[in-house]
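Just below is one structure, and these are the notes that go with it.
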Protein chains: 2
Amino acid sequence: MKPTTDKADPIARARDAFRARGMRWTPQRRAILEVLVGASGHVTGVELIERARLRDSETTPSTVYRTLDVLEELGLVSHSHGHDGREEFHVWPVSRHGHLACEACRATWEIEGDEALAITGSLTRKRGFVVNLSHLTISGLCSECNGRTGANPGL
Amino acid sequence: MKPTTDKADPIARARDAFRARGMRWTPQRRAILEVLVGASGHVTGVELIERARLRDSETTPSTVYRTLDVLEELGLVSHSHGHDGREEFHVWPVSRHGHLACEACRATWEIEGDEALAITGSLTRKRGFVVNLSHLTISGLCSECNGRTGANPGL
DNA sequence: TTTTGTGCAAAAGTTTTGCAGATAT
DNA sequence: ATATCTGCAAAACTTTTGCACAAAA
């Protein structure tokens, strides 16, 4: 039989992490975590606010951003910035993959497996640098756009 | 003897690019270009505004941002976003290199040569994807910080 | 002279902050 | 009981936009 606290449940782990530091486990924090866990890939601050409101209509922007700060301090979440400059958050990089983004058509693909290894490998070997794959977005031109782009003399 | 228009001068080339498209070459645009060319690495929008003002005190934010848009359309400048979310601009990626950034100590290194090739190579071969190196920042933990970091259970 | 660019001022959009009241422990 | 959170409202900041005037070609 299972214990009431499932050790594999990320939400439960987060709750424990909060409590272990004397911080409180509130409905808002739970809602925000649930959204993050349920999201595949990135979520912007604004999306997070909207989705969290669906679960707890009282959730306000300030709470969301403050919670995200805490989550990031706890190492449970990390954020980067999209091409529009807005923050993009993601939880527990369970699926350790990066992204490939075409600057022309805006399409994206995931980078994982061999490709990921080709990128991280040399840096790890030569520099001892551990790449945070989930934070990685490589941009450029995809094969389709590469043909029909005449611009960018400098790139 | 040299021609009056030095073909190697990036400012002159920019001026020609503008005029070739029926766009005007103004003191403000010149000032902004000079700042960009004179900057090593990235400049944020706000920095650009301040520095351009030193050369032409009349320069306004709107002009700076509008000029940057144009420069980007012309392929003379590209931008990305720093970890604080602000835009970071850089001119003519003459030195085609990416950046490596440690999330803990914030130190950065350049990625070029073999390392750059290791990263771009597989993507080009397998996907025909042309990486925009000058837009690339790989983050993670450097060898020094990697040892002394206990946090980030998920990373 | 005509088209394009600039300055000004206000707006937009995301994220932050202060404070009084509410809540988890 | 009390230290921590939340909501609210206003502010902070960067970037964008509209419009009348100025300047380049």
Side-chain angles (χ1 to χ4, degrees), chain A residues 5 11-12 14-33 35-36 42-53 55-74 77-89, chain B residues 5 11-12 14-33 35 42-53 55-74 76-89:
Chain A
T5 302
I11 303 277
R15 182 200 57 208
D16 295 345
F18 274 101
R19 290 193 171 141
R21 310 202 181 199
M23 307 177 99
R24 281 136 205 211
W25 181 241
T26 66
Q28 295 83 351
R29 287 183 173 170
R30 178 189 198 93
I32 292 165
L33 254 315
V35 170
L36 280 167
H42 310 257
V43 204
T44 64
V46 174
E47 284 167 352
L48 210 36
I49 293 167
E50 289 172 354
R51 297 189 197 171
R53 262 215 184 102
R55 297 173 188 253
D56 178 343
S57 59
E58 303 281 85
T59 314
T60 58
S62 42
T63 298
V64 171
Y65 288 114
R66 278 187 290 225
T67 298
L68 287 168
D69 285 347
V70 174
L71 288 172
E72 199 149 11
E73 269 168 35
L74 295 183
V77 159
S78 63
H79 87 276
S80 51
H81 294 274
H83 65 268
D84 61 353
R86 292 193 302 181
E87 297 183 321
E88 295 190 330
F89 300 89
Chain B
T5 302
I11 303 276
R15 184 199 56 211
D16 295 345
F18 273 101
R19 290 193 171 142
R21 310 203 180 199
M23 307 178 100
R24 284 145 202 202
W25 182 240
T26 67
Q28 295 84 350
R29 286 181 174 173
R30 179 189 198 92
I32 291 165
L33 256 314
V35 171
H42 310 257
V43 204
T44 64
V46 174
E47 283 167 355
L48 209 37
I49 293 168
E50 288 172 355
R51 297 189 198 170
R53 264 217 181 101
R55 297 174 188 253
D56 179 343
S57 58
E58 303 282 85
T59 313
T60 58
S62 40
T63 298
V64 171
Y65 288 113
R66 277 187 290 225
T67 298
L68 287 168
D69 285 347
V70 175
L71 288 171
E72 200 150 12
E73 269 168 34
L74 295 182
L76 299 175
V77 159
S78 61
H79 87 275
S80 50
H81 294 273
H83 64 268
D84 62 353
R86 292 192 302 180
E87 295 183 322
E88 295 192 329
F89 300 89

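Values below: all heavy atoms of this structure, side chains included; hydrogens, waters and symmetry mates excluded. Note that the structure is predicted; figures quoted are calculated from it, not measured.
Across all strands, B:Thr59 comes closer than 4.0 Å only to sugar-phosphate atoms, never to a base (heavy-atom distances).
In this structure, the CZ atom of A:Arg21 is 18 Å from the C1' atom of D:dA3, given to the nearest Å. When the C1' atom of D:dT6 is taken as reference, atom CD1 of A:Ile49 falls 14 Å away, rounded to whole Å. In this structure, B:Leu48 atom CG and D:dC13 atom C1' are separated by 17 Å, rounded to whole Å. Per the geometry, CG belonging to A:Asp69 stands 12 Å off P belonging to D:dT6, to the nearest Å. Rounded to an integer number of Å, the gap from A:Asp56 CG to D:dT6 C1' is 10 Å. If you take CD of A:Glu87 and P of D:dT14, they are 14 Å apart, rounded to a whole angstrom.
Note that the two end axes of the helix from C:dT1-D:dA25 to C:dT25-D:dA1 enclose an angle of 30°, each drawn from 5 base pairs, rounded to 10 degrees.
Taken to the nearest 0.5 Å, the CG atom of B:Asp16 stands 11.5 Å off from the CD1 atom of B:Ile11. Rounded to the nearest 0.5 Å, atoms CZ (B:Arg29) and CZ (B:Arg15) are 14.0 Å apart.
For the pair A:Thr67/A:Gln28, no side-chain contact is recorded, criterion being any heavy-atom separation below 4.5 Å from C-beta on. Contact annotation: the side chain of A:Leu68 never approaches that of A:Glu87 to less than 4.5 Å [non-hydrogen atoms, C-beta and beyond]. Residues B:Met23 and B:Val70 meet the side-chain proximity criterion, which asks for heavy atoms closer than 4.5 Å. For the pair B:Leu33 and B:Leu76, the minimum side-chain heavy-atom distance is 4.5 Å or more. Taking the side chain as every heavy atom from C-beta outward, A:Leu48 and A:Tyr65 never approach each other to under 4.5 Å.
Counting all heavy atoms, side chain and backbone alike, A:Ala52 lies closest to A:Thr59 at O-OG1, 3.8 Å.
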Heavy-atom protein contacts under 4.0 Å, nucleotides 18-25 of chain D, coded B base, S sugar-phosphate only, - none: B----BBS

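The list of salt bridge (charged side-chain N to carboxylate O under 4.0 Å, His left out) pairs with a residue in residues 56-66 of chain B, not counting sequence neighbours, is empty.
Residues passing the side chain to side chain donor-acceptor pair (under 3.5 Å) test with B:Arg55, sequence neighbours excluded: B:Glu34. In this structure, the ring-ring contact (aromatic ring centres under 6.0 Å, His included) partners of B:Phe18, at least two apart in sequence or on a different chain, are B:Trp25.
Bracketed by its first and final contacts, the part of DNA chain C lying under 4.0 Å from non-hydrogen atoms of chain A reaches from C:dT14 to C:dT25 in 5' to 3' order.
Look at B:Tyr65 and you'll find a side-chain N or O under 4.0 angstrom from OP1 or OP2 of D:dT15.
Where A:Val46 and B:Gly22 each meet DNA chain C at their nearest nucleotide, the meeting point lying more 5' is that of B:Gly22.
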